[in-house]
Visitor: 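The structure follows.
If you're wondering where the values come from, they're calculated on a predicted model, not measured in any experiment. Note that the numbering runs from 1 along the sequence shown for the chain.
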Amino acid sequence: MPTSTSFIPADFLILVVDDLPTNLKVVGSILAREGYVMTYAISGAQALERIEAATPDLILLDLMMPGMNGIEVCQAIKANPAYAELPIIFLTASQEQQHLIDAFAAGAIDYVTKPFQVQELLARVKTHLKLKDTADRLRQALDEVEKLAGTDPLTGVFNRRRLFQIAEQELLRSQRYGSPFSVMMLDVDHFKRVNDTYGHLAGDAVLREVAETVRQELRVTDFLGRYGGEEFAVILTETDCQQAAEVGDRIRSQLEALTVLTGGHAVRVTVSIGIGGYRLPSDDIDTILRRADIALYHSKASGRNACSIFDDSASGGACRLYTASPAPAQSRSLT
């Protein structure tokens, strides 16, 4: 997609599809004089290969071709979500109304009849390229807005609202397939003391570093979010509580060994972690989060800097500590 807001033909790639080389040459020369970049195909099958090799910005497609005709090519393109938004203009010598109806039904946005007027062809090409460019920019802007709306501005991880949305999706998936998933609640110990001693800028630096350290220990299929204040939550997909506790204690030990250098100070923190998991089809997100939260407070009551698992197989539910050997010390400067 072009990066400039002005219309520059050389920024656009047009795929011209026609089984007659003479027609390809005529259309190609017209577009080339305007500065467009072209690629060509002489059959429907070759057109689909060209799209895979280099996604064009617009397709000029001959309607009547042997083998795979233009309607069939158009249907195949529109059936692929990756290319469904590509604008397709049919080039046709047919005067049959049904052919044009079929073309639009297949997903075409326009047509030009042969023999065509050069200025008409160029005008239609430019119009639809500009419309596509505008639509692409709008989608990109909306994607950015959606990303910002679901991101914590301080740490760059998901915010609470977005994390809840993901948790609901994961719960539905687990209910459907019977797969495990766990939630990890993580709270920075004595965080108020960090703010009071070193200032809020240092506290912000600590939260960013905690988020980054946690993120590095997760898989791409896991989801990290800031739950509020100094508290984070992690959704661990396809992971039971015991496996989640292993991840949690690894995170705990990494953070225990970490020194955050900020504002001329060396700040050390620890975290308390609680693990809760999905067990029954009747479970909801609030239930799973409550299990993790109870386990988190068990870690704090046990002296902090700990990871606990909520085990509701026991009568009334119970928590147990998980322990593992600590990681070697490390330091990462933020200045």
Side-chain angles (χ1 to χ4, degrees), residues 152 155-158 160 163-164 166-167 170-171 174 179-191 194 206-260 268-279 283 285-314 317-330 332:
D152 173 57
T155 61
V157 301
F158 292 119
R160 183 183 178 123
L163 198 67
F164 266 90
I166 295 170
E170 186 59 29
L171 176 62
S174 291
S179 56
F181 90 97
S182 298
V183 173
M184 176 192 305
M185 300 292 290
L186 182 153
D187 188 84
V188 181
D189 296 326
H190 303 297
F191 185 70
V194 174
V206 167
L207 291 178
R208 285 192 293 267
E209 190 64 11
V210 167
E212 177 60 21
T213 301
V214 175
R215 187 191 63 78
Q216 290 180 2
E217 294 296 327
L218 301 177
R219 305 164 302 175
V220 295
T221 54
D222 300 325
F223 303 94
L224 167 64
R226 188 178 177 192
Y227 198 69
E230 67 273 21
E231 195 169 18
F232 296 85
V234 181
I235 299 169
L236 297 148
T237 63
E238 299 286 341
T239 305
D240 61 29
C241 284
Q242 183 66 26
Q243 294 167 327
E246 294 171 6
V247 177
D249 198 69
R250 189 166 65 245
I251 290 170
R252 180 203 61 77
S253 63
Q254 289 286 346
L255 290 169
E256 180 187 29
L258 184 68
T259 299
V260 180
R268 302 286 296 273
V269 295
T270 59
V271 296
S272 296
I273 295 174
I275 304 293
Y278 166 77
R279 286 178 57 87
D283 285 347
I285 292 301
D286 289 340
T287 298
I288 299 168
L289 287 170
R290 185 163 58 251
R291 291 169 184 160
D293 207 40
I294 292 171
L296 170 63
Y297 279 95
H298 182 264
S299 292
K300 287 185 175 293
S302 301
R304 304 179 191 269
N305 190 24
C307 179
S308 296
I309 304 172
F310 182 88
D311 182 7
D312 59 356
S313 62
C319 294
R320 57 185 173 87
L321 287 173
Y322 177 95
T323 58
S325 56
Q330 59 174 309
R332 183 182 301 154

Visitor: Of all residues at least two apart in sequence or in a different chain, which pass the side chain to side chain donor-acceptor pair (under 3.5 Å) check with Glu246?
Guide: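 Glu246: no side chain to side chain donor-acceptor pair (under 3.5 Å) contacts found.
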
Visitor: How are the rings of Phe223 and Phe158 set relative to one another: parallel (under 30°), tilted (30 to 60°) or perpendicular (over 60°)?
Guide: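 Correct class here is tilted.
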
Visitor: What I'd like to find out is whether the side chain of Val234 reaches to under 4.5 Å of the side chain of Val183, using heavy atoms alone.
Guide: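 Answer no - side chains too far apart.
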
Visitor: Could you please spell out the steps behind the side chain to side chain contact (heavy atoms under 4.5 Å, CB included) verdict for Leu255 and Val210?
Guide: CA-CA 7 Å; Leu255 290 169; Val210 167; 4.1 Å; yes

Visitor: Once side chain to side chain donor-acceptor pair (under 3.5 Å) is applied, do any residues pair with Glu238, and if so which ones, sequence neighbours excluded?
Guide: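 Residues passing side chain to side chain donor-acceptor pair (under 3.5 Å) with Glu238: Arg173.
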
Visitor: Listed by chain and number, what are the side chain to side chain donor-acceptor pair (under 3.5 Å) partners of Asn305, not counting sequence neighbours?
Guide: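 Expected list: Arg252, Glu256.
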
Visitor: List in chain and number order the residues that pass side chain to side chain contact (heavy atoms under 4.5 Å, CB included) with Ala306, two or more places apart in sequence or in another chain; answer none if no residue qualifies.
Guide: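 Testing Ala306 for side chain to side chain contact (heavy atoms under 4.5 Å, CB included), a comparison that skips the adjacent residues, returns Ser299, Leu321.
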
Visitor: Which residues satisfy the side chain to side chain donor-acceptor pair (under 3.5 Å) test with Ser302, sequence neighbours excluded?
Guide: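 Result, side chain to side chain donor-acceptor pair (under 3.5 Å) vs Ser302: none returned.
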
Visitor: If you compare all heavy atoms of Cys241 against all heavy atoms of Gly277, which two are closest, and at what distance to 0.1 Å?
Guide: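 So the two residues come closest at SG-N, 3.4 Å.
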
Visitor: Once side chain to side chain contact (heavy atoms under 4.5 Å, CB included) is applied, do any residues pair with Ile294, and if so which ones, sequence neighbours excluded?
Guide: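 Applying side chain to side chain contact (heavy atoms under 4.5 Å, CB included) to Ile294 gives Arg290, Phe310, Cys319.
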
Visitor: Would you list the pairs meeting salt bridge (charged side-chain N to carboxylate O under 4.0 Å, His left out) in which at least one residue belongs to residues 294-307, sequence neighbours left out?
Guide: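 Every pair satisfying salt bridge (charged side-chain N to carboxylate O under 4.0 Å, His left out) with a residue in residues 294-307: Asp187-Lys300, Asp189-Lys300.
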
Visitor: Find the distance between OG (Ser179) and OH (Tyr278) and round it off to the nearest 0.5 Å.
Guide: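 Between atom OG of Ser179 and atom OH of Tyr278 there are 8.0 Å.
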
Visitor: With a 4.5 Å cut-off on side-chain heavy atoms, are Met184 and Ile273 touching?
Guide: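 With C-beta onward as the side chain, the pair touches.
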
Visitor: Would you say Thr213 and Leu258 make side-chain contact, with heavy atoms under 4.5 Å?
Guide: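 A side-chain contact exists here, since the closest heavy-atom pair is under 4.5 Å.
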
Visitor: About how many Å separate CG of Asp311 and CZ of Arg291, when rounded to the nearest 0.5 Å?
Guide: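 Taking CZ in Arg291 and CG in Asp311, the distance rounds to 10.0 Å.
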
Visitor: What's the spacing between Leu171 CG and Thr287 OG1 if we round to 0.5 Å?
Guide: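 Atom-to-atom, Leu171:CG and Thr287:OG1 are 9.5 Å apart.
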
Visitor: Can you check whether Phe191 reaches Val269 side chain to side chain, under 4.5 Å on heavy atoms?
Guide: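 Counting from C-beta outward, Phe191 and Val269 never come under 4.5 Å.
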
Visitor: State which residues pass salt bridge (Lys or Arg N to Asp or Glu O under 4.0 Å) with Asp240; sequence neighbours excluded, sorted by chain then number.
Guide: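 Asp240 satisfies salt bridge (Lys or Arg N to Asp or Glu O under 4.0 Å) with no other residue.
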
Visitor: State the CG-CG distance between Leu224 and Leu236, to the nearest 0.5 angstrom.
Guide: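 Separation between the atoms: 10.0 Å.
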
Visitor: Which residue pairs satisfy the salt bridge (charged side-chain N to carboxylate O under 4.0 Å, His left out) criterion with at least one member in residues 223-232, sequence neighbours excluded?
Guide: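 Sorted pair list: Asp152-Arg226.
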
Visitor: Closest heavy-atom contact between Ile275 and Cys307?
Guide: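 In terms of heavy atoms, the two residues are closest at CG1-SG, 4.0 Å.
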
Visitor: For Val214 versus Leu218, what's the shortest heavy-atom pair and its separation?
Guide: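 Closest heavy-atom pair between Val214 and Leu218: O-CG, 3.3 Å.
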
Visitor: According to side chain to side chain contact (heavy atoms under 4.5 Å, CB included), who are the partners of Ala233, at least two apart in sequence or on a separate chain?
Guide: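 For Ala233, the residues satisfying side chain to side chain contact (heavy atoms under 4.5 Å, CB included) (neighbours in sequence not counted) are Leu163, Met185, Tyr227.
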
Visitor: Going through the distances and angles, do Phe181 and Ile235 end up as a side chain to side chain contact (heavy atoms under 4.5 Å, CB included)?
Guide: CA-CA 7 Å; Phe181 90 97; Ile235 299 169; 3.9 Å; yes

Visitor: Does the side chain to side chain contact (heavy atoms under 4.5 Å, CB included) test come out yes or no for Val247 and Thr239, once each step is laid out?
Guide: CA-CA 10 Å; Val247 177; Thr239 305; 5.5 Å; no

Visitor: Between Asp222 and Thr237, what is the shortest heavy-atom contact and its length?
Guide: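 Answer, listing the atom of Asp222 first, then Thr237: OD1-N, 3.3 Å.
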
Visitor: How many angstroms lie between atom CZ of Arg279 and atom OG of Ser174, to the nearest 0.5 angstrom?
Guide: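 Answer for the CZ-OG pair, Arg279 versus Ser174, is 13.5 Å.
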
Visitor: CD/Gln216 to CD1/Ile251 distance, rounded to the nearest 0.5 angstrom?
Guide: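 CD1 of Ile251 is found 10.5 Å from CD of Gln216.
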
Visitor: Do you know which two heavy atoms are closest between Phe232 and Leu207, and how far apart they sit?
Guide: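 Heavy-atom minimum between the residues: CZ-O, 3.8 Å.
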
Visitor: Ser308 and His298: which non-hydrogen atoms are nearest, and at how many Å?
Guide: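 Answer, listing the atom of Ser308 first, then His298: OG-ND1, 3.0 Å.
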
